Amino acid sequence: MGLIFITGGIRSGKSAFAEKLASQKGGNSVVYIATGLNTDSEMEQRIQLHQVRRPASWGLIEESYHLVGAITFGQTYEVALFDCLSTWISNRLLSVPEERWGDPSSVKPLFDDLRQWLEEVSKSEFTVIVVSSEAGLGGVAISRLGRWYADVLGEANQQVAQQADEVYAVLSGIPWRLKG
């Protein structure tokens with residue numbers, strides 16, 4: 001059925017667009033794969049916003065670290081909406097000790113998991129919609145962790161976009177079709 005990649009800046013409207021697309025393609029046969037971790041009151045509010053916006057009839061998988069298992073479970077639906085790759089990467093990078101930030105070997109397991117997940121997606125018979133923040137829309141981060149995050153996210157976004165059948169960029173709530 002295909003892989004659809006949706007990127008854009010933070011608060012650009014990419015998740016709302018992805019949810020609309022998921023409804024159009026899957027109706028009520030949608031599973032929402034949520035990667036957010038409730039770490040503080042601000043994150044709790046962001047999670048609640050997504051919960052209120054999506055239909056109660058949709059399935060839900062909360063998976064912050066392991067993508068392959070989530071995609072396997074999603075096979076009972078017509079559409080799997082994965083929101084979002086950038087948060088999944090953040091979760092994974094924050095588990096790396098500071099002295100290993102920027103070390104290519106410290107992200108090898110992350111990219112191995114991403115490649116394995118993309119292989120599973122390519123074999124699937126349902127539509128997968130992936131949301132991710134765009135790494136290249138802002139300035140260079142002032143912190144070492146921020147620069148490393150942008151580097152890893154940029155590479156991951158490129159890998160997903162390369163394999164995707166359709167790619168959209170959402171700017172100020174307006175989706176732009178880039179591929180497909």
Side-chain angles (χ1 to χ4, degrees), residues 3-12 14-19 21-22 30-40 42-44 46-51 53-54 58-75 77 79-97 100-122 124 126-138 141 145-164 167-170:
L3 174 61
I4 301 170
F5 182 59
I6 300 169
T7 190
I10 296 168
R11 295 287 195 236
S12 63
K14 61 190 176 295
S15 291
F17 173 66
E19 291 162 5
L21 200 58
V30 176
V31 62
Y32 191 100
I33 303 169
T35 62
L37 290 170
N38 189 351
T39 55
D40 57 32
E42 180 189 348
M43 193 62 183
E44 182 178 355
R46 288 174 182 260
I47 291 169
Q48 287 175 351
L49 173 68
H50 284 258
Q51 290 171 337
R53 207 171 49 208
R54 68 179 172 256
W58 286 9
L60 173 65
I61 300 171
E62 293 176 321
E63 183 50 71
S64 303
Y65 298 98
H66 307 288
L67 298 182
V68 175
I71 205 67
T72 302
F73 179 79
Q75 292 179 6
Y77 295 87
V79 174
L81 171 53
F82 175 61
D83 197 359
C84 74
L85 181 67
S86 43
T87 300
W88 175 76
I89 287 173
S90 176
N91 297 341
R92 295 286 298 262
L93 293 184
L94 288 174
S95 69
V96 175
R100 295 197 56 218
W101 291 353
D103 177 358
S105 68
S106 63
V107 291
K108 184 182 181 319
L110 179 151
F111 283 112
D112 289 346
D113 288 352
L114 180 61
R115 277 188 281 284
Q116 183 181 2
W117 183 76
L118 285 169
E119 285 176 24
E120 292 298 318
V121 167
S122 72
S124 67
F126 56 97
T127 300
V128 177
I129 300 172
V130 178
V131 177
S132 187
S133 294
E134 177 54 49
L137 292 177
L145 177 60
R147 290 187 299 274
W148 184 46
Y149 172 74
D151 290 345
V152 173
L153 177 59
E155 175 63 29
N157 282 349
Q158 290 178 52
Q159 288 182 22
V160 176
Q162 183 68 35
Q163 185 166 320
V167 177
Y168 295 88
V170 180

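Bear in mind the structure is a predicted one, so any value in this text is a computation, not a measurement.
Residue Asn157 comes nearest to Ala135 through the heavy atom pair ND2-N, 4.1 Å, listed as atom of the first residue, atom of the second, then distance. Closest non-hydrogen pair, Gly146 versus Ala141, comes out as C-CB, 3.4 Å. The nearest pair of heavy atoms linking Trp58 to Glu19 is CH2-O, 3.5 Å. Nearest heavy atoms, Ser106 versus Arg100: OG-O, 3.1 Å.
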**Message:** Run Tyr32 and Ile61 through side-chain contact (heavy atoms from CB on, under 4.5 Å) and show every step you take.
**Reply:** CA-CA 6 Å; Tyr32 191 100; Ile61 300 171; over 6 Å; no
**Message:** Test side-chain contact (heavy atoms from CB on, under 4.5 Å) on Thr7 and Ser133; report intermediate values, then the result.
**Reply:** CA-CA 5 Å; Thr7 190; Ser133 294; 5.8 Å; no
**Request:** Starting from the C-alpha separation in whole Å, work towards a yes-or-no answer on side-chain contact (heavy atoms from CB on, under 4.5 Å) for Leu118 and Val160.
**Result:** CA-CA 7 Å; Leu118 285 169; Val160 176; 4.2 Å; yes
**Item:** CA sep, side-chain torsions, deciding dist, call: Thr35, Tyr65, side-chain contact (heavy atoms from CB on, under 4.5 Å)
**Value:** CA-CA 7 Å; Thr35 62; Tyr65 298 98; over 6 Å; no
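Looking at Trp88 and Asp113, their side chains come closer than 4.5 Å, going by heavy atoms from C-beta outward. Between Phe5 and Gln163, every side-chain heavy-atom pair lies at or beyond the 4.5 Å cut-off. Counting heavy atoms from C-beta on, the side chains of Ser86 and Glu134 never come closer than 4.5 Å. Under the 4.5 Å side-chain criterion, counting only non-hydrogen atoms from C-beta, Thr127 is in contact with Ile129. The shortest distance between side-chain heavy atoms of Val131 and Leu85 does not fall below 4.5 Å. Val152 places a side-chain heavy atom less than 4.5 Å from the side chain of Leu110. Contact check for Val79 versus Val31: no side-chain heavy atoms found under the 4.5 Å cut-off. A 4.5 Å side-chain heavy-atom check between Tyr168 and Ile6 finds at least one atom pair inside the cut-off.
Salt bridge Asp83/Lys14: absent, no basic N to carboxylate O contact under 4.0 Å. The residues Arg147 and Asp151 are annotated as not salt-bridged, no charged nitrogen and carboxylate oxygen being separated by less than 4.0 angstrom.
Note that OH of Tyr77 and OG of Ser124 are 15.5 Å apart. Values are rounded to the nearest 0.5 Å. Note that the CH2 atom of Trp148 and the CG atom of Asp103 stand 8.0 Å from one another [nearest 0.5 Å]. Within the model, atoms OG of Ser15 and CG of Leu81 stand 7.5 Å from one another, a figure rounded to the nearest 0.5 Å. Considering CD1 of Ile89 and OG of Ser132, their distance stands at 6.0 Å, rounded to 0.5 Å. One finds the CD1 atom of Ile10 at 9.0 Å from the OG atom of Ser12 (value rounded to the nearest 0.5 Å). The distance from the CD atom of Gln158 to the CG atom of Leu153 is 10.0 Å, given to the nearest 0.5 Å.
Qualifying salt bridge (charged side-chain N to carboxylate O under 4.0 Å, His left out) partners for Glu63, counting only residues two or more places apart in sequence or in other chains: none.
For the 3.5 Å distance criterion, the side chains of Gln159 and Glu155 qualify, holding a donor opposite an acceptor.
Annotation: Tyr149 is not in aromatic contact with Trp101 [ring centroid separation under 6.0 Å not met].
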